[in-house]
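Quick caveat: nothing in here was measured; it's all calculated off a predicted structure. Whatever order the structure lists them in is the order used to number ligands and atoms, beginning at 1. Along the sequence shown, residues are numbered consecutively beginning with 1.
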Amino acid sequence: MKLTDEQKSLLNGDKGSFLAKCMSWLVDWGEAMGAERMIPVTNTHALVTVPGNLVWGADQKTINSAMELLRPALKHPVCCHSTTHITFAHEEQYKEIEMPQEQVKAQLEVMEMARDSGFLMTYTCAPYLVGNVPIKGEICAWTESSAVVYANTILGARTTRHGTESAIAAALTGFVPEFGVLLDQNRLASIQVEVTAKLRSPTDWGALGYFTGKETGLEVPVFSGTPQPLQEDAKQLCAALATGGGVTMSHIAGVTPEAETLEKALGGKIPRRKIQFDDNELIDSYNQLRDHTDDAIDTVILGCPHASLQEIAEIAHYLKRKHIAEGLTLWVCTAYATRANAERLGFAKIITDAGGYIFCDTCPTNSMRLKAKRIITPGFKQAHYARNMIGAEVIIDNLKACLDAALTGRWQNG
Ligand code: F3S
């Protein structure tokens with residue numbers, strides 16, 4: 001790989017051994033992926049949390065190994081606009097729920113170091129909802145697969161899928177290896193998904209993403225025939241694309257900034273494959289995540305990816321002057337900044353008065369390994385992971401059906 005003098009100097013340790021280590025990770029990764037050069041990055045979203053793999057109640061050895069990376073890393077200032085991916089909970093909530101003390105202690109230390117090194121501690125899987133909105137063409141280094149797809153597909157920014165080490169290394173050195181969707185030719189679509197199904201809710205968009213992810217794997221799909229998505233639709237589509245498969249970017253013809261037309265998304269070529277998403281595929285996607293044995297619900301999880309203020313307002317309007325069923329837990333997951341906004345606007349109180357809980361900065365299944373028997377959720381990503389990670393039965397349905405289940409304690413099929 002060709003390196004500039006500045007990059008060689010970093011690699012040689014002129015700015016310290018930790019930055020040299022970061023540079024060598026990025027160079028090795030780039031060489032393995034066939035990159036020819038390193039390019040400047042101006043926006044990162046990194047997993048700055050303890051332990052690195054977010055396992056609730058991790059043992060001391062795992063915590064120590066996460067701290068071995070984070071302590072030296074966070075002594076350096078970040079080079080650009082850098083936000084943080086979810087932790088296992090916001091510090092205020094440490095008092096409200098039972099959390100493993102060693103992890104709490106380490107996380108508080110990390111939070112302070114991250115603040116000093118210049119990270120904006122947004123602690124969310126949807127950084128684009130709380131101020132990290134890169135512009136078209138901006139080179140980013142983002143963790144969180146759903147956010148990566150959103151950045152590439154909806155914002156037209158450019159990021160490959162990052163892990164903890166690479167995103168932190170990019171934030172500290174200011175460089176990323178140039179490969180994958182950072183290059184024009186790798187952003188072109190190869191598969192066309194013709195959408196004839198009626199998409200009536202964000203969860204329907206999630207069904208489209210889940211189906212397409214399974215069909216396309218690592219390739220770039222382009223959607224034709226869809227209506228104009230709202231932000232919440234796009235959020236579900238992107239999360240499900242990265243769950244059903246390993247999609248890094250997609251195009252929505254007429255919506256994705258670099259795909260004003262279907263032809264442009266395909267680079268003027270004929271798609272390698274053309275598939276259809278009709279009403280049968282829509283129903284089938286839902287049915288894949290509905291293999292429950294009973295309709296009684298004990299847990300409702302909303303806000304995957306993290307809820308927008310608009311979603312919280314909708315939830316509040318629906319629950320106003322009502323109360324959720326006894327013995328049921330309703331989680332609304334969001335970023336701290338969004339919760340603060342919802343508190344100020346009065347929506348948070350309506351939800352908590354109804355018996356719900358607005359939980360910040362974390363993910364009930366992915367990081368906290370919540371215990372639940374039967375979950376209903378409008379998020380395909382949550383539905384997919386909840387069954388695999390915590391072994392709960394899961395039902396996927398739209399937001400209204402989830403809220404009805406929260407009020408009655410049962411899922412009303414159809
Ligand atoms: Fe976010 Fe957890 Fe969903 S990380 S995207 S709430 S599975």
Practice item. For Glu144, counting its heavy atoms only, list the atoms of ligand 1 lying under 4.0 Å from any of them. Key: 5 (S)
Review point. Among pairs that include at least one residue of residues 130-152, which meet ring pair (Phe, Tyr, Trp, His ring centres under 6.0 Å), considering only residues two or more places apart or in two chains?
Key: His45-Trp142, Tyr128-Tyr150
Practice item. Kindly confirm or rule out a cation-pi arrangement of Lys349 over Phe347, judged by NZ or CZ under 6.0 Å from the six-membered ring centre and within 45° of its axis? Key: no
Study note, to complete from the structure: Note: Cys125, heavy atoms under 4.0 Å from ligand 1, region reported as side chain
**Study point:** Heteroatom N/O/S of His306 within less than 2.8 Å of atom 1 (Fe) of ligand 1
**Key:** no
Review point. Does a salt bridge link Asp294 with Arg410, judged by any charged N lying under 4.0 Å from a carboxylate O?
Key: yes
Check your understanding: Between Tyr123 and His85, does the ring centroid distance fall short of 6.0 Å?
Key -> no
Point to revise | Heteroatom test (N, O or S) for Cys333 near atom 2 (Fe) of ligand 1, limit 2.8 Å | key: no
Review point. Quick check, are the ring centers of Tyr336 and Phe359 under 6.0 angstrom apart?
Key: no
Review point. By number and element, which atoms of ligand 1 are closer than 4.0 Å to a non-hydrogen atom of Ile86?
Key: 4 (S)
**Study point:** Proximal atoms of ligand 1 relative to Cys304 (non-hydrogen, under 4.0 Å)
**Key:** 3 (Fe), 5 (S), 6 (S), 7 (S)
